[in-house]
Amino acid sequence: MSETIAGVRIPDSPLVREATELVREAASPLVFDHSRRVFLFGALRGREQGLDFDPELLYVGAMFHDLGLTKRFRRTDQRFEIDGADEARRFLRGHGITGERADRVWTAIALHTTPEIPLHMAPEVALVTRGVELDVLGIGYHAVSDEQRTAVVAAHPRPDFKNQILAAFTEGIKDRPQTTFGNVKADVLTHYVPGFQRGDFVEVIRNSDWPE
């Protein structure tokens with residue numbers, strides 16, 4: 001039976017049910033609830049903007065976007081966003097979704113920490129970022145109503161969320177600091193990992209093998 005939260009219907013399909021259980025098993029309650037809120041807020045922003053999006057693809061993008069922070073799916077040789085994106089594409093292919101549709105979800109997850117660019121792409125790509133930005137950064141907070149926000153948080157609470165999500169980011173990326181070069185997660189390690197030194201784009205250019 002389908003579930004509706006804040007006026008948003010959670011797609012009721014084998015794909016969605018399997019995605020939900022996979023994330024519930026692999027991720028902490030913090031990440032699970034955050035991922036569900038990302039779907040709900042993304043869908044609400046899409047409705048507000050009149051966007052035509054595929055709810056199932058948005059759901060998988062939202063639910064898998066932080067899988068790279070989990071012990072089960074995280075690697076140490078690439079950005080955590082790519083961990084989740086790769087797993088989402090494998091998952092979708094296992095359900096017969098290939099080609100551009102699977103690539104759309106991969107892109108939504110891979111770019112969700114890259115400001116602005118996703119907002120100019122396909123609706124599912126834009127709305128994963130919209131959902132993340134609203135839940136983590138408060139961007140678009142007033143684009144949804146107080147009643148909608150209250151309903152979403154009642155279904156998926158966020159106790160001490162700011163501190164807890166920063167701790168989850170730190171734990172998920174501290175063993176691959178080089179992957180934060182040029183993206184927002186370098187800020188997390190600067191605050192929470194003693195001795196971390198962020199990469200410097202200017203110094204990379206100056207110290208390259210080119211003579212001039």
Side-chain angles (χ1 to χ4, degrees), residues 23 26-28 30-31 34-35 38 42 57-58 60-93 98-140 162-212:
V23 178
S28 65
L30 169 85
V31 170
H34 163 56
S35 300
V38 167
L57 296 187
L58 178 60
V60 173
M63 293 303 291
F64 282 55
H65 84 278
D66 271 348
L67 274 189
L69 299 176
T70 69
K71 291 181 179 179
R72 178 174 168 184
F73 292 105
R74 70 177 176 234
R75 295 167 48 169
T76 59
D77 61 335
Q78 63 183 14
R79 287 173 58 159
F80 88 95
E81 301 95 320
I82 299 175
D83 294 340
D86 286 348
E87 186 55 35
R89 187 154 55 190
R90 280 191 290 269
F91 176 83
L92 289 169
R93 285 173 175 170
T98 61
E100 186 277 332
R101 295 181 73 214
D103 290 345
R104 206 184 316 162
V105 176
W106 189 96
T107 301
I109 298 171
L111 292 183
H112 81 267
T113 60
T114 301
E116 193 172 354
I117 290 173
L119 306 183
H120 297 272
M121 302 181 75
E124 296 81 6
V125 178
L127 294 177
V128 168
T129 289
R130 291 284 191 198
V132 170
E133 288 183 342
L134 199 162
D135 198 48
V136 178
L137 302 169
I139 297 172
K162 293 180 181 181
N163 290 319
Q164 294 300 319
I165 197 64
L166 286 168
F169 290 154
T170 304
E171 181 63 27
I173 62 178
K174 67 182 182 182
D175 294 330
R176 41 178 156 179
Q178 73 286 352
T179 68
T180 66
F181 175 67
N183 71 67
V184 296
K185 290 301 184 285
D187 294 339
V188 175
L189 297 189
T190 298
H191 280 267
Y192 295 104
V193 176
F196 171 73
Q197 299 210 352
R198 65 172 65 234
D200 187 313
F201 179 67
V202 172
E203 292 304 316
V204 170
I205 294 173
R206 286 175 171 168
N207 295 322
S208 78
D209 291 334
W210 287 102
E212 60 180 35

So side chain to side chain donor-acceptor pair (under 3.5 Å) across residues 193-202, not counting sequence neighbours, yields D187-R198, T190-R198

The complete set of side chain to side chain donor-acceptor pair (under 3.5 Å) pairs with one or both residues in residues 125-140, sequence neighbours excluded, reads H34-D135, R37-D135, D135-R158

Contacts of type salt bridge (charged side-chain N to carboxylate O under 4.0 Å, His left out), residue [X], not counting sequence neighbours:
{"X": "R104", "result": "E100, E124"}
{"X": "R72", "result": "none"}
{"X": "R93", "result": "none"}

Let me check something: any side-chain donor-acceptor pairs from residues 108-115 under 3.5 Å, sequence neighbours excluded? List them with distances.
residue : atom : partner : partner atom : Å
H112    : ND1  : I109    : O            : 2.7
T113    : OG1  : R79     : NH2          : 3.2
T113    : OG1  : E81     : OE2          : 2.4

Are side-chain heavy atoms of L67 and D83 found at a separation under 4.5 Å? no

What distance separates D209 CG from N207 CG, expressed to the nearest 0.5 Å? 10.0 Å

Sequence neighbours left out, what passes side-chain hydrogen bond (donor to acceptor under 3.5 Å, both in side chains) with Q178? Give chain and number order. none

Taking side-chain hydrogen bond (donor to acceptor under 3.5 Å, both in side chains) as the definition, give me every residue that meets it alongside D175, ordered by chain and number, with sequence neighbours left out. none

Residues in side-chain contact (heavy atoms from CB on, under 4.5 Å) contact with E171, at least two apart in sequence or another chain: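 For E171 the side-chain contact (heavy atoms from CB on, under 4.5 Å) partners, ignoring immediate neighbours, are R74, K174.
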
With sequence neighbours excluded, residues passing side-chain contact (heavy atoms from CB on, under 4.5 Å) with L69: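 Applying side-chain contact (heavy atoms from CB on, under 4.5 Å) to L69 gives D66, F80, F169, I173.
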
Residues which pass ring-ring contact (aromatic ring centres under 6.0 Å, His included) with F73, listed by chain and number, not counting sequence neighbours: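 Partners of F73 under the ring-ring contact (aromatic ring centres under 6.0 Å, His included) test: none.
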
Enumerate the residue pairs fulfilling ring pair (Phe, Tyr, Trp, His ring centres under 6.0 Å) with a member in residues 193-212, sequence neighbours excluded, ordered by first and then second residue.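 Not a single pair qualifies under ring pair (Phe, Tyr, Trp, His ring centres under 6.0 Å).
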
